[in-house]
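Each remark here refers to the structure printed beneath this line.
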Amino acid sequence: MALTREQMAQRVAQEIQDGSYVNLGIGIPTLVANYIPDGIEVMLQSENGLLGMGRYPYEDEVDADMINAGKETVTAIDGAAIFDSAESFAMIRGGHVDLTVLGAFEVDVNGNIASWMIPGKLIKGMGGAMDLVAGAENIICTMTHASKHGESKLLSQCELPLTGAGCIRRVLTDLAFLEIKDGAFHLLERAPGVSVEDISRLTAGKLIIPDHVPEMQLDA
Amino acid sequence: MALTREQMAQRVAQEIQDGSYVNLGIGIPTLVANYIPDGIEVMLQSENGLLGMGRYPYEDEVDADMINAGKETVTAIDGAAIFDSAESFAMIRGGHVDLTVLGAFEVDVNGNIASWMIPGKLIKGMGGAMDLVAGAENIICTMTHASKHGESKLLSQCELPLTGAGCIRRVLTDLAFLEIKDGAFHLLERAPGVSVEDISRLTAGKLIIPDHVPEMQLDA
Amino acid sequence: MAGFNKVVTSYADAMAGLKDGMTVIAGGFGLCGIPENLIQEIKRLAVTDLTVVSNNCGVDGFGLGVLLEDRQIKTMIASYVGENALFEQQMLSGELEVILTPQGTLAEKMRAGGAGIPAFFTATGYGTPIGEGKEVREFDGRPYILEEAIKGDFAIVKAWKADRYGNVVYRHTARNFNPLAATAGKITVVEVEELVEPGELDPADVHTPGIYVDRVILGKFEKRIEKRTVRTR
Amino acid sequence: MAGFNKVVTSYADAMAGLKDGMTVIAGGFGLCGIPENLIQEIKRLAVTDLTVVSNNCGVDGFGLGVLLEDRQIKTMIASYVGENALFEQQMLSGELEVILTPQGTLAEKMRAGGAGIPAFFTATGYGTPIGEGKEVREFDGRPYILEEAIKGDFAIVKAWKADRYGNVVYRHTARNFNPLAATAGKITVVEVEELVEPGELDPADVHTPGIYVDRVILGKFEKRIEKRTVRTR
């Protein structure tokens, strides 16, 4: 079975290391925060200028001046820091964020990512995505493995305009967890009940399949 | 009579406009703060990170963490701001300081200034001087008109290594107040009792002398 | 009054001098920390052919969105503009020129504009449409593109508190682009929720030193919330 | 203990990993806000061939000056070095390489190093010996030179207070180069006068967010004054 959005978030959360600074993009990446294991302390960076993003506010805590990069009302944890956008992207561009999780339309075997623009459709802008992919050493891309029409999004070469070149190393799809290196996708894990053949069929870029491909371990 | 250091500071102080941000270099420029007229409000910028530098502290106010760019203990006025060195030089380089007053070894008819290095002598470094002369729109250079041996310091072309190129517009020496434009020194005022002939003799660079050269008006 | 009283008492005075064709840099992220009333004053002034630099362009009927209604904006430099139907319409019709700029590059361009840095290299956007036509150079084996600074004729800024010297503090994440905008305007106007006496702001906690600020005005703010996300007890 | 306790309890732990030939960026201006004890620990470690980046090089017997006694510094990058006889001697004898850098350029190089900006243009130094051999380019008709970022293997920083996350505030003008150094070290070590609990520092007033800081240590400081200027009542 393909992973649900929640399961994808859960699997990504397993990759988060204790004491790390993490930027979570909009969509599935945002859900990751709900699955960070007990005993793991993580500092969430929100690129509008907040390090130490906390939970959503209770109704009586809502403050128009306290939002995250998704423009949602949030709170700050004890030990948070707030700063301007230049400082925020100094952190990001300067490689100080340990892990970035973001969505994509396409990735390819050379680690290119396309996530912001579909020619012919309305262009909304890249926001901070180009800075995030250029700055983070460690990025996990979350996306569905293929379109609803069965077209692979893991390609030999991205067809859409890029968000960043050669910057993605790990991809978590609804079907598989993969590493990108040496010009290929390397299959690390498969979603429970998903066959290597299904993954192979839906991966357009070169796919390296090891002898044994374990199933992901997910709670519940 | 050539001006004293105090008189030079006094004359420079007359150039300071109400509501302006001013950076005063070490030496004679520092003395300028003592002569700012009543009713003129000035904010002094010290490039180690203080906007709103105040008077020297009383003995019981001395604080090792509160110094100026000359490394002297100082105080901050009400309404001061303290910031890091990058922010301080963002102000300076970005042209936000209204007036900079600093010393020099030599200036020339093209507004070049040499103030930091004498080949063969020990080099101490330029500190913030190169940033200040590159950043300020409005600079007054304070210096003696000639060396003790009678050699002019107002030249056709600076002989010492430059601090900045084409950046000086006004020079206040112990003998005269001059403007630099169109490749010449323009004599604006002379020190009380100093003759135009004396100034002319001690000015190596091209000097434009108007029909009437008023004496400086100094108090006391 | 001595020369350091930057407080003005009318929005007309606050935006005096704004003319057709000028460049206006605005603080704010989404609808958070936007200079609501200064924007309204620009609408009232009916100036046109503006170049507006801001991370976003408000929403229909609020924030910078109101400047679209009478087609006052000619060129918009922003990183994300997806919240605004009128914007889409004018962009698609070609009435509005849009220069999309990565968020971090936009912030750095404003900072550079204020800091006397005319251009800088960044890896952001290399290999993407944003890098096309820009100089590429390698440092330590990695390619970077050259980006130029942005300066404005006006910068419009929303802050929390200011004193008469123009020293400013921002509240929570309403800081965002505001301090950067403040440095990059030939004339920088700050509207605040509270005026304080000099000395009330701790010098160490001033976010924007007064040297960057030309005018301060006390305003009232709606502070509209874009996405009210709450948890229940 | 969870991963965010950056507090170490010995200076040996604070500087663990420092090796011969490394680059160390140090905060401080003159003797104000210098990491006194971290410098002493570098002396104790007897590492050599260091490149040290700091606005000044201390005085004889105090601050970075102590690293000259055993010739631990190979290259010094600084803006002003005139307070130190031993420095002069080693510079004149050629034992010590000195790269003089304008103060604002030095600050901006550190910031750039931390901010992922490999190089930037500045007018500072154009037409002077500092500009020789550097690329010149005109923007808006004015010439600028290209300057490259500086990064350190270690950054050593003196601050006032920190929490266990490494969030830091500085006291008065002891801030100076410290926040910039903090961003530019592969390993950034901050020594402080006071440790506080997370939440005690107002998030809006944190000067160096903890993301830049690797280790925090509580120290005792002499805080020597270079020029005690006082007025009498």
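Chain naming here is simple, since letters A, B, ... match the order of the sequence lines and numbering starts at 1 in each.
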Item to complete: Carefully, step by step, assess B:V62 and D:I225 under the rule side chain to side chain contact (heavy atoms under 4.5 Å, CB included).
Response: CA-CA 9 Å; B:V62 167; D:I225 291 175; 3.5 Å; yes

Worksheet item: Quick one: which of B:V133, B:I113, B:L162 gives a side chain to side chain contact (heavy atoms under 4.5 Å, CB included) with D:T128?
Response: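 Looking at B:V133, B:I113, B:L162, the match for D:T128 under the side chain to side chain contact (heavy atoms under 4.5 Å, CB included) is B:L162.
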
Looking at [X] and [Y], would you say the former's side chain and the latter's main chain have a donor-acceptor pair under 3.5 Å?
| X | Y | answer |
| --- | --- | --- |
| D:S79 | B:M126 | no |
| B:R93 | D:G104 | yes |
| D:K227 | B:G70 | yes |
| B:D65 | D:G33 | no |

With only heavy atoms counted, which part of [X] is less than 4.5 Å from chain D, the side chain, the backbone, both or neither?
| X | value |
| --- | --- |
| B:N112 | neither |
| B:I123 | both |
| B:E47 | both |
| B:I92 | neither |

Discussion item. If we count only N and O atoms by modelled type, under 3.5 Å, do the side chains of D:N176 and B:S85 hold a donor and an acceptor together?
Written reply: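 No pair is found: no donor N or O on one side chain lies under 3.5 Å from an acceptor on the other.
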
Practice prompt. Would you mind checking which part of D:N56 comes under 4.5 Å of any heavy atom in chain B, side chain (CB onward), backbone (N, CA, C, O), both or neither?
Written response: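 For D:N56, the side chain is the part near chain B, not the backbone.
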
Item to complete: Could you tell me which portion of D:T105 (side chain, backbone, both or neither) has an atom closer than 4.5 angstrom to a non-hydrogen atom of chain B?
Response: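 Both parts, backbone and side chain.
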
Worksheet item: Using a cut-off of under 4.5 Å for heavy-atom pairs, which of D:A174, D:G127, D:A107, D:P102 has the most such pairs with chain B?
Response: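 Ranked by heavy-atom pairs under 4.5 Å with chain B, first place is D:P102.
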
Worksheet item: Top residue by heavy-atom pair count (under 4.5 Å) with chain B, among D:R224, D:M110, D:R111, D:R142?
Response: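 Ranked by heavy-atom pairs under 4.5 Å with chain B, first place is D:R142.
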
Worksheet entry | Given D:R228, D:R171, D:K223, the one that forms salt bridge (charged side-chain N to carboxylate O under 4.0 Å, His left out) with B:D63 |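 Filter result, single survivor: D:R171.
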
Worksheet item: So, are D:R233 and B:D60 salt-bridged, with charged N and O less than 4.0 Å apart?
Response: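 Yes, this pair counts.
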
Worksheet item: Counting only heavy atoms not in B:E6, do more than 12 sit closer than 6.0 Å to its CD atom?
Response: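 Yes, CD of B:E6 has more than 12 neighbouring heavy atoms, counting only those of other groups under 6.0 Å.
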
